[in-house]
Each structure stands twice: as C-alpha cells, then as structure tokens.
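What follows is a set of notes on a single structure, which appears directly below.
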Amino acid sequence: MDKYKLIDEEIKKYNNIVIARHVRPDLDALGSQLALKYSLSLKYPDKNILAVGATSSVFNFLPKLDKEKIDDNTLLIVLDNPNFSRIDVADYSKYTKIIKIDHHPLIDTFSDVELIETNKSSTCEVLYDLFKALDYPFDSEIASYLIYGMITDTGRFLFSLGENLLVKANDLITTYDLDMKKIYQNIYLRSLKDVKFEGYIINNFNITKNNMASIIIEEDKLNLYDVDQAVSGNVINNFTNIKELLVWSIATYDKNKKTYKISVRSRGPIVNKVCEMFNGGGHPLASGAVIEEKEEIEKLFNLLDKECERYKYENN
Ligand SMILES: [Mn+2]
C-alpha cells in the first residue's frame, strides 16, 4: 500500500487523534498542524481531533491550540519534526500509535508509520500533496494555514521551490481567494526593537577570511534590546544574500534552559552535519544546535569556518 493510503488507514482506525509538532514552533509547524486538524475534522466529523503544544504570542493571528488529552486508544501524528527530544507533547509513551510526517532529513526514528519527503519545501507542501491524493477537504482557512508554511519555510519562495511548489501555492491562493496582503502582514510585520537588535548583530558579527560570520548573544544584550531568545532565530534569515557572508551563525543564551541555542544559515557549504555533532541538525543550508558549555560554541564556529574554507577551495 502506498504511504498516503497507509496513513489514511491508520487515521480511520482511531477516534482520538492528537496532532503535535516540534517545540518552539514556526509557521510551517503550526500551519501544517492546523491544516491537518481542520481538514481531518471536516473529513471525519465524529472523531476527536486535537492540535496541541505551546505556542508564542507572535502567532496570535492563528486559532488557539487544544489541551492535550490522551485516552486508552489515541493516535499521535507528529509533524515537521525529525528529533525525538523536540516533540511538543506531555507524555509520548502514552500514545497507542505514532505517525510522523516531515520534510526534514531523518534524524530519529520514533514512529510506526513514517512519511518523509525531503524533496519538498515544507511540511505544508507534504500535506498539500497528501490531501490531494486522499481527497481530504480544503477550505479557505485550511488553504491559508498551508500557504503560511510554504511561504515561510522557503523565505517567500526564495530558498527552495521544490517540484511545482508555485503551482501548488497558486492553486491555494486562487481557488480559495486568499487575502495575501493580510497573510503577508501577519507574517512580516515587525517591531522596531527587533530591527534594532538585527542592527546590533550585523554590526558585531565576527567575520573570518573564509566568510564565516558568527556572534554570541548573552542575556545582557537581549535585555538591552528588550527581545527574547526566539528573536535571534527569526532575524537570522534576513542575512541571506550578503556577499561577504557564506555561512552565518548566531548563538543565543536561553536563560530558562541554561543553554546556548545556535542557528546556522548557509549560501553553499553544508552545515547540518556539523550541527549534528552538537546536539542539533536540520536542513543542509539551514540548521541549528544546542550547546551547554560556552567553549563548545567556538569549536562549532571553527568547524563551520572549515566548511567555508573547503567550499571556497572546491568552488573557485
Ligand atoms: Mn518545516
């Protein structure tokens, strides 16, 4: 049986379904989660379908998430998440069966059924194809959730277009008459303090001769600019297409977890293999890591610098 049908067969068997995704969600995680919840709710109106996890106030244009409830026989669907440790549920072990749907390269195997399509731009694109194949319902709300993930995971259709992504996006936008002005405002309207913080980063990057840029942000700088740790992870995507930067990385202190969260982006050198050595991973050109000891951060930066050196050597 093909993967899509296998997933539908499992969904049919369960009355209680919980849909989860990675911690600290982005709009692909939340968009895919909400799209799946609402499409399944239309297709199977008698099932109890919950979308769970903690979210952030920056996404308050989206509907509220549900409180996690696990009965004896509950199916868990994990979206947009390759790491076992990053599933945003209270108790993973209480679920009867687990399905994973993702577009990240495989890191941990934690599900009974797995649909991984790394050739696709976003989990929202994976779901678009799955909904079409299984004839799951769309409406304008579901279409808008899918478009959020497609837009943001591709940097507004800049980083990757996948197969026919623009055709799929156009289908959602025109068939469901999406208000793109409002959708873009929801995604891109920013506060001045975030932009000032971005200015601090660009002014203080340490840039090597191999074009590797890095900075460590301690708590005092977050306080000075009145931003939280999550802002680093958002502003990093704005440094794309700067001629002097080949790889750029921001390490930000997370006072709650007492760790440094590292975000890495690249215009060419492969960075996810290096990140995997430091409790992280991700896409070849967009990755992250988590480091406890500050000395380790320099090791990671040095390895990224080596990747830049090699890339420049191989491509000149
Ligand atoms: Mn994603």
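Since the model is a prediction, treat every value here as computed from it, not as a measurement. Numbering of ligands and ligand atoms starts at 1, following listing order. Along the sequence shown, the residues carry numbers beginning at 1.
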Quick check: does any side chain N or O of Asp153 sit under 3.5 Å from a backbone N or O of Ser122, one acting as donor and the other as acceptor?
no
Please note down the angle at the Mn ion (ligand 1) between NE2 of His103 and OD2 of Asp28, to the nearest 10°.
90°
Please find the N/O/S atom of Asp153 nearest to the Mn ion (ligand 1) and write down its name.
OD2
Are any side-chain N or O atoms of Ser287 and backbone N or O atoms of Gly281, one a donor and one an acceptor, separated by less than 3.5 Å?
yes
Quick check on the 6.0 Å ring-centre criterion: do Tyr148 and Phe61 meet it?
yes
Under 2.8 Å from the Mn ion (ligand 1), is there an N/O/S atom belonging to Asp26?
no
Output every pair passing salt bridge (Lys or Arg N to Asp or Glu O under 4.0 Å) with a member in residues 229-258, not counting sequence neighbours, ordered by first then second residue.
Arg24-Asp254
Considering only N, O or S atoms, which atom of Asp80 is nearest to the Mn ion (ligand 1)?
OD1
